[in-house]
Structure formats: C-alpha cells, structure tokens
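For reference, the structure discussed in these notes is given below.
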Amino acid sequence: MIRTRFAPSPTGYLHIGGLRTALYNFIFAKKNNGQFILRIEDTDQKRLVRGAAEKIIKSLNSFDINFDEGPNLNEKYGPYYQSKRLYIYHKYCCKLIENKSAYLCYVDDNQNLKPENNIDKSLSIINQQDTKSRFIVKFKVPSIKNFNTFDDLRGKVVFDLSLIDDFIIIKSDGFPTYHFANVVDDHLMKISHVIRGEEWLSSLPKHMLLYNSLEFNLPHFIHLPLLLNPDHSKLSKRQGDVDVDKFIEKGYLKSAVLNFIALLGWHPDNDREIFNILDLIENFSIPRIQKSGSVFDIKKLNWMNSEYIKSMDLDTLFEVSQEFFKKEIDIKNTTKLGKAINFFKQRSSTLLELNDSILPFYSEPNNLKEEVLTYVNEKKSQDILKFYLKSLSIIECFDIELSDRLIKDIAEKFNVKGKEIFFPLRGVLYGSLNGPDLFTIIDILGLDESKRRIEQYIK
RNA sequence: GGCCCGUUCGUCUAGUGGUUAGGACCCAGGGUUUUCAUCUCUGUAACAGGAGUUCGAUUCUCCUACGGGCUACCA
C-alpha cells in the first residue's frame, strides 16, 4: 500500500511551494490507489500561529487535495497533531536511550549541558518521575566515514558522519525536534514514500540513523527540487506572492495554479501542458521529476490561466467569477452579462482582469481619462460623434452589418481612418481608447444606453 | 568556511552515444481585424568550461566554475 503524507508546520498560510509538495504527494498516492495523509507538525511552540493549521487544511481542500487521514478524519493512526503525541515520542526516546543510541543531558541556567550516563536514571527522568530536572535528549551520531543514504531521484548520497554532531531529539520543553517526530510518525503512520522539499536532503542521514536505531523499515525518500524566485534564490515573499490564497484573490483559477505548479519540476513524456487533477494523477510518475530548481514564472501562469478561462463554459465562468463582480454589475440581467463575459473570456488572463473589462458596461464613463477626453473633444471627433448619434437615432435594428456600413460611411464622409472613428466613440461608450469593437460595445450596452452615453459628450 | 545537491534557449522543459538539439511561455516581425486585443503564421534564442572514455559525446567519468540547500533546544 502506497501511503504519502503532507506534514506542514502551522506557522502561517499555505505556501505555493507547500501546495506543490502536497500536490505531488497526493497525486502519487492516488495514481497508485494509495492513501494521502495530513499531519500537523506543531512541535515548535514558539512559532505556532493560532488558526494556521485550520487555514492550511481549508486551503488544501479548496484545491481538491483531499486527505484520506488526518485531523478529524479517519484517525486510524492518530492523533495527527504532533503536539498531542508527546507520550509516543517519549516512549521511543526511551527505546533509544535503552539501546544506547541516545543520551539525556541536564541543562543548567546557563544552557550548559551535562550528560547523564545512567540509563535507568535517564528513563525515570523522562517518565516524569523527576520533574525538577531540566533536560534534553541527544542522539548519538556514530562516526562513520562513508554513510550511504538513498533518494529515489538521486540514487546513493554519501555523507561523512564525523562531520555531523550529536543532535537533539527531545527539547527542554519536552517536545521532540522535527527529525525525531518525523521519523517516529512516518513509521507509525505507515508512510511508504516521503516526498518533501530538497532542503531536507542534508538531514537525510540523521533520519536514516534514527530509522536504523529505532529498528524501523526505511520508506522511500524523494527530495523535490526547490521553487525559485526570478533571481534564482529560494522562492520568497520579497519577490512576489507565495501565499496560495493571494493567487486566488487575484483571480487565478485553482485548476490553473495546480496545473502550473505541477509542471514546475515535473514533466510528462510528451509536450502536453494542460492537465486537470485527474490527468495529473493518471500521468504522474516519480522518475520524471526534475532534479534542479525551477523559477516561478508568473507570465507563464498568466498564459495558462487565460487558457483555462477560455476553455470554460459560460455558466462555470459565471459561477467562479461571482465573487469578483463589483457591486455595479447587474447579475440579474444574464443576457447582457453573458455577452460581456463571452467577449472577454477570450482575452483575460485573470478573473480580476475579466471583471475590470466588464465594469465599463455598467459604470458611467463620466470621468474619462485625460487622453481619452482630449481625443473626444477634438472638433473632428465631435462631428463624428454627432453624426453617429444621428445615425443611431434612425436605426431600428442594430446589427453587425449595419455597424460596419456605418463605419464605412463615416470614413468616406469625413475622410478619416478607422482609428479616428473608433477612438472617440469607444472613448465615450466604453471609457477607453482601446477595447472591444463598436458593434460588440453597442450590442452589450443596448441602443438606448449607447445613445445616452454619446449624447453626454457632445458639446 | 564545511558538507550535500544541481547546471539544455531569458523562463518551464524534451532529449538517456549518432537529432537541422524539439515544444511551451516571453519577446520580435507578418497576416487577419479600417484601432487594440483575440486568432494565425514566422522568427530570435540553449547543451557552463576543461580533460578523458569512444569511430562518435548534450547524453558516460573526472576536475573546475557557477547556482542552490543545509550547517538551531526552526521546520
């Protein structure tokens, strides 16, 4: 049985890199009919942020990355909060002390450490029989020159253990460190594949040592390449958004975000680029994961998001756009809104952009930008506006042919180019020089509203 | 500094000894649209460097350079 896990530390929001790690774990498990587990690694009480775990779980679920086991769900190997598993870590810690793989140290007020050589004494202290002693427990790293570790992607990785100091497994507050809790839990939760970020590769020897001393079977280890800023440093907030919720707020579709990050470090054996989560599950494979870090290129995300918007049917697009609609937009008039969305879905890279493009059909273009107003107020523009308005007044049914003919007439009559017709008209009708063609604008606005808007700017 | 990992167009990548080194994003140009965008066509652009191994290296080995990660009672 393939079992993977995502084990975030509840110190903030779900990071885009974390989302990718979760995604890989999830699709790998699902591809193999396995299970995906969520565990909260809250062993650092100082960095804990209230509500962060819930927030992360919510984000994950909203992306349809659903876990089979985790907090409040099929707690078969629970609890799934490490802070609730302290007694378990203590038990395994005792095992390590008993087999001399670890030793207890007293900590004095000056942070000085003094080892306790007596095993029974150490055990009784850990078992709370001596509550006065402040202590930590350290793992004794053997001095092995060539210690082999294995990563499914990179193969054998050799470390010189004489360069690694004994490391703490139980802190003085009684909580385990990541290294220790992680190994104990992955074993107890029967994790078969540990898929995590590359920043953990250097602690792999510590983990393997722990597995050995605890007499646990080793899982597979897969260290994912890092996500990078454009300057190739580790992806961080300083150079753009990393919080997944920020992407959603900006109008990126979850499916597009998932698709995009899936391809950052993984690639199928062909040139296909569009994958929904089911496609990812079907096609994913570990050997095709990249070994080098990948730069998060927002431009490609924009393109991918626009592809997703284009391919959506109107109803779905309407549905997901709802929360982006400004209050001016009349969602009851579905004909008008439908026309507007239909036009702009071909040319928006985010939902926010789509909404911005639609807004001019609903809000008065009463304070036109300087450049637009200047154009509109020119004598030639005013003449065209007047003529166009007059023409619209005698029209009963406005269609695309009529629209084209009208433009040709004006071009001839005033001896002007298309641009000189479009700019003033689009300016007063849509509020900017560039945008949809005149027919589309008038068709969406309606004849009456169009006439009203033109009239407003005629002097 | 030490240890570890990595290195194909600007970016994401295909490629597992013999390819005109392919695709996508970006960018540039053409066409369509009497504007812009969409759409479409075309183009620019890469094997970090040096030694080996081999008839032949992007591909295998080593060295160097560069980049990144780790080096906490943080994960």
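Please read all numbers here as calculations on a predicted model, not as lab measurements. Note on naming: letters A, B, ... go to the chains in the order of the sequence lines (proteins, then strands), and numbering restarts at 1 for each one.
Taking a pair to require two hydrogen-bonding distances under 3.5 Å in either a Watson-Crick or a G-U wobble arrangement, B:rC74 remains unpaired. Base pairing of B:rU38 is not made with any nucleotide, judged by Watson-Crick or G-U wobble geometry with both donor-acceptor distances under 3.5 Å. The nucleotide B:rA48 finds its pairing partner in B:rU64, both defining distances of the Watson-Crick or G-U wobble pair being shorter than 3.5 Å. Using Watson-Crick or G-U wobble geometry with both donor-acceptor distances under 3.5 Å, B:rU19 finds no partner in any strand shown.
For the OP1/OP2 pair of B:rG6 and a distance below 4.0 Å, the side-chain nitrogens and oxygens of A:Lys234 include no atom meeting the criterion. Residue A:His267 has no polar side-chain atom (N or O) positioned under 4.0 Å from OP1 or OP2 of B:rG15.
Within the nucleic acid shown, A:Ile164 has no heavy atom closer than 4.0 Å to any nucleic acid atom.
Between A:Phe216 and A:His187, the ring planes are parallel. Angles under 30° get that label, and only those over 60° would be called perpendicular.
No donor-acceptor contact under 3.5 angstrom links the side chains of A:Asp173 and A:Gln45, judged on distance only.
Taking only distance into account, the side chain of A:Ser172 meets the base of B:rC73 through a donor-acceptor pair shorter than 3.5 Å.
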Item to complete: Kindly indicate, with the supporting measurements, whether the criterion ring pair (Phe, Tyr, Trp, His ring centres under 6.0 Å) is fulfilled by A:Phe361 and A:Tyr430.
Response: CA-CA 7 Å; A:Phe361 293 123; A:Tyr430 184 69; 5.3 Å; yes
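A distance below 6.0 Å separates the ring centres of A:Trp266 and A:Phe275.
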